[in-house]
Amino acid sequence: PLKLNKLNEVQASEAEMKLLYTTSKLGTGKRMYQTKSFSSHKACRIPFCGFYNERKVALFNPVLPILAEEQVIMEAINENPIVIICGETGSGKTTQVPQFLYEAGYSSSAGAIGITEPRRVAAVSMSQRVAKEMNLSKRVVSYQIRYEGNVTDETQIKFMTDGVLLKEIQKDFLLSKYKVVIIDEAHERSMYTDILIGLLSRIVPLREKKGLPLKLIIMSATLRVEDFTDNNKLFSVTPPVIQVDARQFPVTVHFNKKTPLDDYSGECFRKVCKIHRMLPSGGILVFLTGQAEVHSLCRRLRKAFPFQKNNTAESVEEMRKFKKSRKQKKVMALPKIDLDNYSVVPVDEGDEDRDAETDDDMAGSDIDLDLGDGDSEEDEKSDSSLPLYVLPLYSLLAPEKQAKVFRPPPPGTRLCVVATNVAETSLTIPGIKYVVDCGKVKKRFYDKITGVSSFRITWISQASANQRAGRAGRTEPGHCYRLYSSAVFMDFEKFSAPEITKRPVEDLILQMKALNIEKVINFPFPTPPPTEALAAAEELLIALGALKEPPMTGRLKQQLAAKLSCPISPLGRIMATFPVAPRYAKMLALSRQHDCLPYTITIVSAMTVRELFEELDRPAVSEEETAELKGKKARFLQIQRIWAGQGSMQKLGDLMVMLGAVGACEYAGCTRKFCEENGLRYKAMLEIRRLRGQLTTAVNSVCTDAGLYVDPKMKPPTEAQATYLRQIVLAGLGDHVARRVQAEELLDDKWKNAYKTALLDDPVFIHPSSVLFKQLPEFVVYQEIVETTKLYMKGVSAVEPEWIPALLPPYCHFGKPLENPPPSYCPETGRVRCHRPSVFYRVSWQLPAVEVDYPEGIDRYKYFARFLLEGQIIKKLKSYSQYLLSSPLIMLKTWSKLQPRTEALLQALVAENCDNRDALLAAWKKNPKYLLAAYRQWIPEAMHDDLAQKWPPIAQ
DNA sequence: GAGCACTGC
């Protein structure tokens with residue numbers, strides 16, 4: 001394998017290698033390793049072989065430019081605690097850098113190399129690939145993802161998802177198991193990688209202090225690393241940046257001259273038709289924004305180029321040549337392309353928008369493939385002589401259908417994949433030579449204050465456009481057709497905003513508080529979330545009881561500051577151990593009662609996994625399919641009505657349907673067949689099964705005596721349990737309560753059947769897919785609100801108004817305690833109880849009076865004194881109650897101050913903050929004579945000696 | 001009376 005057939009190039013490379021060792025100061029004083037390495041799409045080139053004869057597999061794959069950089073990279077790592085490596089997809093950094101480190105002795109079984117990936121598949125497949133390349137066992141090169149892993153005590157290289165490492169930091173803040181941590185794909189700026197980088201910026205110096213240095217390597221596919229390098233709060237010493245070239249084939253980018261105003265789907269169709277009719281073989285990948293668009297374009301393309309199984313295996317090439325000669329006249333409006341002479345310039349294209357990124361190497365060696373962007377009257381008439389093998393691709397598509405895009409298309413056909421953004425990063429399709437990019441993406445937006453989400457189609461970023469274009473150059477030089485002008489492209493954002501700035505952060509804040517990071521605002525985020533988002537998160541966590549509420553004293557400014565730096569509560573610590581959203585973690589924490597845990601675990605799992613039910617509203621490929629889909633839809637709706645249960649169970653609403661669906665599916669063994677027959681997404685059900693397992697383990701380790709297990713034959717809940725479940729759900733979704741607009745409040749027709757929420761001025765509605773759509777209960781809680789044509793609540797359950805003040809005191813403003821029913825003493829809690837009316841926060845809905853602890857204040861002491869005198873609180877005092885010199889009831893009279901004994905008792909209680917039993921017992925522990933003098937005034941003198949002997953009146 | 005891109009613990 002060491003034979004070199006292109007020696008001259010290797011020598012040139014050696015010369016280049018010298019450059020690699022010189023570091024140069026760049027403008028801002030940043031240290032940057034300037035590297036210029038091979039432009040590298042040609043096969044059979046072996047870079048600087050002498051070095052690499054140990055890495056056999058790498059040798060057979062001789063075009064990885066990163067191999068030439070080993071020395072630079074290792075030198076930088078040796079000299080710096082933190083290094084940033086930039087290299088685009090195809091540079092081989094993910095597979096090679098761990099190997100460099102391993103061979104340089106950076107790992108042992110006592111200190112491993114950890115690599116984080118943003119996706120599970122990547123963690124698993126990279127571990128397998130590196131194990132194979134290094135000829136090492138899986139016991140040494142392993143992976144760990146949410147539900148599974150093959151890590152052993154021999155593991156030295158560990159690939160994992162970013163969330164896994166974050167959880168590990170919770171258990172071992174210094175990450176003492178690792179000698180090196182590599183954060184891969186940092187350019188994607190996923191929420192967890194951002195947090196990891198922030199945490200590691202502190203862990204690295206801490207490890208240094210301990211004399212056990214940890215190396216941090218941040219790997220990014222783009223050069224956008226200023227958020228890491230220009231951020232003094234993050235890294236006090238700017239880490240060096242090493243740039244590595246990629247082994248990508250050149251992709252010629254063609255911009256449209258005009259940007260279609262809205263019909264980008266139609267423009268996609270026309271572009272694909274032209275490519276297919278006129279350009280040499282090679283797969284086409286189209287980027288669109290959603291399932292519906294994907295399906296309708298697939299349908300149009302299949303109609304235009306019907307694909308029949310009985311087509312002969314004649315090459316598409318032959319077919320096209322034939323068609324060309326026949327159709328020459330018709331396509332005159334289009335650029336002329338002579339396939340034998342690769343030199344014809346398109347007739348109607350100016351220079352301005354052409355060949356924006358032509359690679360020097362390829363100039364002249366490739367045909368000019370600009371197609372122009374005018375509306376040609378290309379008919380949609382069926383053309384079966386040019387079979388096009390059209391496949392849809394999106395994330396929610398069944399995996400077996402997704403898998404089709406990875407197999408070679410039937411002989412004599414051209415592959416055309418119509419995809420959403422999955423194809424940009426998550427999935428790589430082989431054999432793509434042409435990319436058609438509509439320039440748009442569908443994104444979820446959250447309202448920072450109300451949490452309402454909506455989906456909007458926006459322009460992509462320049463980085464994203466380049467990533468899409470790169471998909472055409474994986475196996476040979478390719479072409480990317482952008483359906484927008486270069487001027488529009490120049491107006492794109494350079495990069496899309498990091499996820500952490502766009503999403504609610506309550507889960508993240510809880511995780512950070514569990515790491516005892518109280519002042520979240522001071523955390524070295526690479527890019528901080530907006531302050532509103534931090535405040536909203538803190539507020540929610542306080543209401544859930546996960547954080548200790550700040551004292552409501554001091555100045556407003558201090559209060560606000562305190563609100564943003566609350567410490568975690570014991571409940572919060574438990575919640576943080578459950579790997580689900582805080583609202584759901586609260587539900588789990590409450591469910592110990594009435595054997596509800598298995599049900600809550602199931603409901604929480606189902607709410608966490610997205611899209612349980614098969615989507616049937618998509619456009620069909622044919623008329624028959626339309627009918628078929630309609631039939632299926634009706635049947636599945638029926639089944640869901642059955643899952644919704646009987647009687648009062650139905651009030652659990654959509655969550656009951658989820659519970660029923662999971663229960664039925666597991667009972668049937670969770671087979672693909674069952675899912676298909678009942679409108680369930682198989683992949684979703686598998687994920688729920690695994691999540692139930694994980695949550696069951698998590699709950700068991702918190703309550704060691706629960707003895708929970710995942711029961712595949714779980715019985716439906718009883719009606720009573722279903723009622724408890726509604727209360728549990730309410731307790732977690734306190735900020736997601738909605739009340740039906742009353743008939744008398746109906747001012748406007750737009751409020752018909754509408755609900756009002758605390759935070760929104762506009763009406764919200766139960767989503768038509770909800771089983772409670774027609775029931776319209778007075779009070780509901782919802783999982784989320786999505787704005788489409790209206791504001792729709794999804795995942796709806798009915799709740800009873802009297803539960804709200806009882807379960808959600810933080811969301812209620814309470815009025816004065818009622819005289820009737822009168823306040824009472826609660827022997828269980830040792831506290832004074834009373835009934836209080838209340839209103840719901842911000843909207844002031846009247847809520848039924850409920851029994852709660854008597855509010856703090858002098859009246860609570862008065863009631864406590866009364867119950868004490870009556871002998872309700874301390875059993876040993878009961879015997880004196882009949883000899884009392886005044887009635888205990890006078891404690892509560894307005895004129896009670898006129899009696900010295902009432903004042904004495906009250907002052908004694910207040911002095912020691914004794915307005916509940918526990919405080920009283922504690923006071924006696926501190927001072928056994930406490931309260932004796934005050935109490936003595938209430939009984940005849942004859943009994944005073946007896947009393948003194950028995951004091952304190954508690955069991956010894 | 002409906003239409004949601006993508007992903008991690």
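To find a chain, count down the sequence lines: A is the first, B the second, and so on, and within it residues start at 1.
For the residue pair E687(A) and Y682(A), no side-chain donor N or O sits within less than 3.5 Å of a side-chain acceptor on the partner.
Using a 30° and 60° split on the angle between ring planes, H767(A) and Y792(A) fall in the perpendicular class, above 60°.
Following rounding to the nearest Å, F765(A) (CZ) and dG1(B) (C1') show an atom-to-atom distance of 11 Å. Between the CG atom of L772(A) and the P atom of dA2(B) there is a distance of 18 Å, given to the nearest Å.
The residue from K794(A), R610(A), R444(A) that alone fulfils the salt bridge (Lys or Arg N to Asp or Glu O under 4.0 Å) condition with E784(A) is R444(A). Residue M126(A) forms a side-chain contact (heavy atoms from CB on, under 4.5 Å) with just one option from T94(A), V121(A), I157(A), and that option is T94(A).
A distance-only check finds a donor-acceptor pair linking the side chain of D437(A) to the backbone of G439(A) [under 3.5 Å].
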- Note on the structure: Given protein heavy atoms under 4.0 Å, the one-letter contact record of nucleotides 3-9 of chain B, with B base, S sugar-phosphate only and - none, is simply BBBBBBB
